[in-house]
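This report concerns only the one structure given below.
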There are 2 protein chains.
Amino acid sequence: MSDIARLAGVHTSTVSRALAGSPLVEKSVREKIVKIARSHGYKVNPTARSLRLGRTQSVSVVIPLGHEVTQPLSDPFFVQMLGYLADDITQRGYGLFLQKVLPPMQDWLTDLIGSKRSDGIIVIGQSTEHKALEAVANQYKPLVVWGGQIDHQSYCTVGTDNIGGARLATDHLLGLGRRKIVFLGDTKVPEIRLRYRGYTQALDHAPKGAKKRNIRTHMTADLAFDAMRKLISEGGDFDAVVAGTDVIAVSAIRAITATGLKVPEDVAVVGYDDIGLAAHSNPPLTTVRQDLEKGAKHLVDLLFRRMEGEETESVNMAPELIIRESCGAHLHRR
Amino acid sequence: MSDIARLAGVHTSTVSRALAGSPLVEKSVREKIVKIARSHGYKVNPTARSLRLGRTQSVSVVIPLGHEVTQPLSDPFFVQMLGYLADDITQRGYGLFLQKVLPPMQDWLTDLIGSKRSDGIIVIGQSTEHKALEAVANQYKPLVVWGGQIDHQSYCTVGTDNIGGARLATDHLLGLGRRKIVFLGDTKVPEIRLRYRGYTQALDHAPKGAKKRNIRTHMTADLAFDAMRKLISEGGDFDAVVAGTDVIAVSAIRAITATGLKVPEDVAVVGYDDIGLAAHSNPPLTTVRQDLEKGAKHLVDLLFRRMEGEETESVNMAPELIIRESCGAHLHRR
DNA sequence: TTGAAAGCGCTACCAT
DNA sequence: ATGGTAGCGCTTTCAA
């Protein structure tokens, strides 16, 4: 910057003001400075700026994978979310610090906060980290979490009504005459636990004869496939599956198909999320849609309001049942 | 830091040394300082440190989407790569700045370099940005690109031998007796263009009667689906498809199946990448595997060597044909 | 409207 | 082995 100042024949403070678009600088001077800066490819050093201003102009996006057994991000859901977040955050002129947190997960959140690398934190998915989030919520404000809304939680979440969504899905299957409906998912994860609750609520209000059954499975494609195959080989008696996520649903379909059973004729399957793959699976997946684009907008909006000291409430969006073929609804229309 | 210094009864320079693990500080003093720092939740401010050191301890990972028509990252390939990169970069104690670049793509690279937000840059996929990369390669060294190796390029790439991989796939189909093989992909993207070249090379060496046909399609699932359906409805005569990516392959399978044709009996399909979905598609996809974990390791390794001033050569890894069912090889074994 | 100077928090050099 | 001090590049207050 001092170089630019010298070239323009002014003091650095004037350059700083000019480049910041301050109205204090005389127009002709400002234009001259801007021109010189551009022609020399000069960019204000964000590190120095951050140090002076006390803020980094960037936000951390964290993906905790406490519930995952395998390394890579296996769920496209998180990734699509990441893409939308990147757009929104970039649009506000902020940088995006990506952080993947794997077990063993000690002090990851307090460390991240303490490092002051970013002005705010978005956590995608509670994973198994509800307690860690709860622990810092009262002391560190610019924090927003995508996930399930848990009773008495003190951190701010954005998500869809998981109970309602799962209930929608389960009621739909009941309405199609299915009575032996299995739930497939890892209820250690809050969002999935809530979906399981919606599933049980629907069955509690179902006609007599409807059976509940929860099969715990990890959230990766392979492990869900194995869980489903095990259930079948053990002679599990069921005519429908409510899957905790689309990834699990697609794996379940594959496992069911592999044993010679047909989806949806023999077993109806409903997923959750409506990831891109859902429409392209075979058969196309009936699922509960979460609007990620809107979700990301909420997350970023709330975070920026919190970064300015505002207190914000959690947002619970309405889920939407997307009916395709895996539930067998089209068979009934005949 | 000055607080910690006061509490420990020493000067800040001693605290700095102690926290950096300098052997100059007496053991007892160092331990005392570390203890105080920990108990107060003190963390060295990375912004100030960066300013002083002249390096940010972070690397930018950029995903240029010049070839994409839709906003979100539609290809799981990039995402899996991102996950591995995050692991490797974190392991070296560096931060990961994520940058998504959408059209119109002006000066994105020089801007990123000029901002000095990171000490090095990894670009995932050349997209349509070969020229932009070429333009800075001689002037900015800590830059590594995942993508296809182009003749006379001056930037450093990591990738698989795309020509060889596609040739592997095409030869395999020829070996199974297929003669009317279509290529499906966007040849504007260097990697895909190389794969197309491998495909044509294989056909040039094929028995008489083998036909070439290139169908240009965008890289997203929906558009590939449409392209395939259009080809079929126009009465395109073919018995096999070499797809530019797995995402395209899976969409092609869906489009083929939707018209009543069978994969692989009527049309054999081979993909490229071996994304997680490939093994789980219906039928499971025969594809050319790129080892992403190894690829990510190479990228990070080369980048860090370049950040230390070393000149590095591009890496071209060997692709591997993974034979599953979509090519129909299992039908021949009978 | 511009200049001068202080200081963000840290590290490294030069003393001692 | 430790302390003092300068300075990384910027913004902002105060003075002119």
Q: Tell me, please, which residues at least two apart from A:Asp88 pass salt bridge (Lys or Arg N to Asp or Glu O under 4.0 Å).
A: A:Lys297

Q. Is there a donor-acceptor pair closer than 3.5 Å between any side-chain N or O of B:Ser127 and the backbone N or O of B:Glu129?
A. no

(Q) For a quick test of reading the model: is some side-chain N or O of A:Thr14 closer than 4.0 Å to OP1 or OP2 of C:dG3? (A) yes

Q. Closest heavy-atom contact between B:Glu313 and B:Cys156?
A. O-SG, 3.7 Å

Q: For residues B:Ser154 and B:Glu134, determine if any side-chain heavy atom of one lies less than 4.5 Å from a side-chain heavy atom of the other.
A: yes

Q.
Please report the distance, rounded to the nearest Å, between CG in B:Asp3 and P in C:dG9.
A. 9 Å

**Q.** Length of the line joining B:Glu31:CD and D:dA1:C1', which is rounded to integer Å
**A.** 15 Å

Q) For residues 36-46 of chain B, which residues have at least one heavy atom under 4.0 Å from DNA chain C? A) B:Tyr42, B:Val44, B:Asn45

Q: Measure the shortest side-chain to side-chain distance between B:Arg306 and B:Val144 over non-hydrogen atoms and say whether it is less than 4.5 angstrom.
A: yes

Show me the donor-acceptor pairs within less than 3.5 Å that the side chains of residues 3-11 of chain B make with the rest of the protein, sequence neighbours left out.
from: B:Asp3; atom 1: OD1; to: B:Arg6; atom 2: NH2; distance (Å): 2.7
from: B:His11; atom 1: ND1; to: B:Ser13; atom 2: N; distance (Å): 3.2
from: B:His11; atom 1: ND1; to: B:Ser13; atom 2: OG; distance (Å): 2.9

Q | Residue pairs passing the side-chain hydrogen bond (donor to acceptor under 3.5 Å, both in side chains) test where at least one lies in residues 23-40 of chain A, sequence neighbours excluded | A | none

**Q.** Between C:dG7 (C1') and B:Met1 (CE): distance, integer Å
**A.** 17 Å

**Q.** Sidechain N-carboxylate O distance under 4.0 Å for A:Glu311, A:Arg305
**A.** no

Q: Calculate the interatomic distance between A:Arg6 atom CZ and C:dG3 atom P; express it in whole Å.
A: 14 Å

Q. Using a heavy-atom distance cut-off of less than 4.0 Å, which residues of residues 19-28 of chain A contact DNA chain C?
A. A:Leu24, A:Val25, A:Glu26

Close N/O contacts between protein and nucleotides 12-16 of chain C (under 3.5 Å):
from: C:dA12; atom 1: O4'; to: B:Arg52; atom 2: NH2; distance (Å): 3.4
from: C:dC13; atom 1: N4; to: B:Arg17; atom 2: NH1; distance (Å): 3.2

(Q) With a sphere of 6.0 Å drawn around NZ of B:Lys43, does it hold more than 12 non-hydrogen atoms of other residues, nucleotides or ligands? (A) yes

Q) Going by the angle between their ring planes, with limits at 30° and 60°, are B:Phe77 and B:Trp146 parallel, tilted or perpendicular? A) tilted

Q: Measure from CG on A:Leu51 to P on D:dC10 and round the result to the nearest Å.
A: 12 Å

Q | B:Ser16 vs B:Met1 side-chain heavy atoms within contact, under 4.5 Å | A | yes

